[in-house]
Amino acid sequence: MIVRSALLNVMMGAARKAARNLVRDYGEIEQLQVSKKGPADFVSSADTKAEKTLRAELKKARPGFGFLLEEGGEIAGDDKSHRWIIDPIDGTTNFLHGIPNFCISIALERDGELHAGVIYQPLGDEMFHAEKGAGAFLNEHRLRVSARRKLEDCVIATGIPFLGRPGHEVFLKELGAVMAQVAGVRRFGSAALDLAYVAAGRCDAYWETGIKPWDIAAGIVLVKEAGGYVTDFKGGSKMLDNGEIVAANDHLHQPMLKLLKSARG
Ligand code: IPD
């Protein structure tokens with residue numbers, strides 16, 4: 001049995017508690033798909049409810065910590081060196097359409113550095129968790145990024161910009177370059193789970209632009225603790241600031257950066 005820190009236990013406990021309502025709400029979606037009004041309002045209320053639960057649970061355990069919340073924005077705490085970064089539902093479009101690939105994502109930032117991450121996929125009861133220096137896990141199992149070295153053997157995850165998002169042309173260039181070199185490209189619809197899958201070696205790499213801190217903060221800790229590399233497109237560490245991310249195992253990270261750079265021109 002693995003021994004987890006009190007901090008991870010707090011994060012996992014909060015995720016499980018918020019997930020209970022989320023799963024119940026997800027069960028209602030099928031009914032709502034066929035109603036005239038559609039499920040959009042219902043989903044945004046599920047999102048807000050989950051965020052409220054997460055905030056209350058984490059505040060109870062660590063009263064001084066600040067928050068960066070997808071719905072509620074930035075909330076300063078008395079303790080200036082700690083901040084929770086939370087997405088109550090990552091994969092909201094999936095949730096809305098009754099597609100079961102969504103999760104809760106919670107990260108802890110300590111003195112400006114990402115310190116711990118929990119990504120919980122409630123329908124599959126998959127609890128991905130990692131803390132700096134202590135490794136990455138899926139439930140009780142230690143995670144390690146894939147060992148594949150050749151792009152031709154690899155499955156790569158990505159996020160596709162959609163209506164109202166910029167960067168369609170550039171994305172098509174990136175996709176064109178990547179798809180010509182790899183075994184498969186996947187768009188699962190949850191950036192947090194894409195990163196968890198890289199940490200678990202299910203996918204060999206993941207890239208996206210225009211992504212928000214709450215979508216990727218926990219996943220970054222997971223990939224790094226599973227032995228992978230995560231950077232922005234320039235190879236730097238400003239992913240949370242510039243919304244660019246490339247995550248991969250140690251063999252593929254540089255080739256992916258090179259490929260994306262040449263595709264963008
Ligand atoms: C979205 C998902 C998706 C990614 C989008 C994000 P949300 O987050 O992570 O995979 O491609 O860029 O906005 O809206 O479901 O929390």
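Note that these values count all heavy atoms, side chains included, but never hydrogens, waters or copies made by symmetry.
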Assess the residue pair Phe95 and Tyr26 against the criterion (ring pair (Phe, Tyr, Trp, His ring centres under 6.0 Å)); give the C-alpha distance rounded to whole Å, side-chain angles, the decisive distance to 0.1 Å, and a yes or no.
CA-CA 7 Å; Phe95 189 96; Tyr26 181 74; 5.5 Å; yes

Begin from the C-alpha positions of Leu143 and Leu222 and carry the test side chain to side chain contact (heavy atoms under 4.5 Å, CB included) through to its verdict.
CA-CA 9 Å; Leu143 296 180; Leu222 271 153; 4.3 Å; yes

Can the positive tip of Arg83 be found less than 6.0 Å from the middle of the six-membered ring of Phe67, inside 45° of the ring normal?
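Ring-cation test returns no.
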
Salt bridge (Lys or Arg N to Asp or Glu O under 4.0 Å) partners of Asp204, counting only residues at least two apart:
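By the salt bridge (Lys or Arg N to Asp or Glu O under 4.0 Å) rule, Asp204 matches Arg148.
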
N-O pairing of [X] and [Y] below 4.0 Å:
X      : Y      : answer
Arg20  : Asp25  : no
Arg202 : Glu126 : yes
Arg264 : Glu174 : yes

Candidate list Glu113, Glu109, Glu225, test salt bridge (charged side-chain N to carboxylate O under 4.0 Å, His left out), partner Lys132, passing option
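Among the candidates, only Glu113 passes.
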
Does the side chain of Asn94 come under 3.5 Å of the side chain of Thr92 through a donor N or O and an acceptor N or O?
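There is no such pair (donor and acceptor under 3.5 Å, judged by atom type) between the side chains of Asn94 and Thr92.
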
I'd like to know if the side chain of Asn249 pairs up with that of Ser146 as donor and acceptor (distance under 3.5 Å, no hydrogens or angles considered).
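There is such a pair (donor and acceptor under 3.5 Å, judged by atom type) between the side chains of Asn249 and Ser146.
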
Start with the C-alpha distance between Ser190 and Asp90, add both sets of side-chain angles, then the distance that settles side chain to side chain donor-acceptor pair (under 3.5 Å), and finish with yes or no.
CA-CA 5 Å; Ser190 159; Asp90 185 57; 2.7 Å; yes

Can you list the steps and then say if Lys212 with Asp215 is a side chain to side chain contact (heavy atoms under 4.5 Å, CB included)?
CA-CA 5 Å; Lys212 298 292 184 197; Asp215 298 320; 3.5 Å; yes

Parallel, tilted or perpendicular: ring planes of His82 versus Phe65, cut at 30 and 60 degrees:
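Geometry flag for Phe65 against His82: parallel rings.
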
Give a yes or no answer on whether the side chain of Arg186 reaches the backbone of Ala157 with a donor-acceptor pair at less than 3.5 Å.
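No, because the side chain of Arg186 does not come within donor-acceptor range (under 3.5 Å) of the backbone of Ala157.
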
So, applying side-chain contact (heavy atoms from CB on, under 4.5 Å) with Phe137, which one of Arg4, His129, Met127, Glu131 is it?
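Of all the options given, the one that passes is His129.
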
Rounded at 0.5 Å granularity, tell me how far CD in Gln121 sits from SG in Cys103.
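Going from CD on Gln121 over to SG on Cys103, the span is 7.5 Å.
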
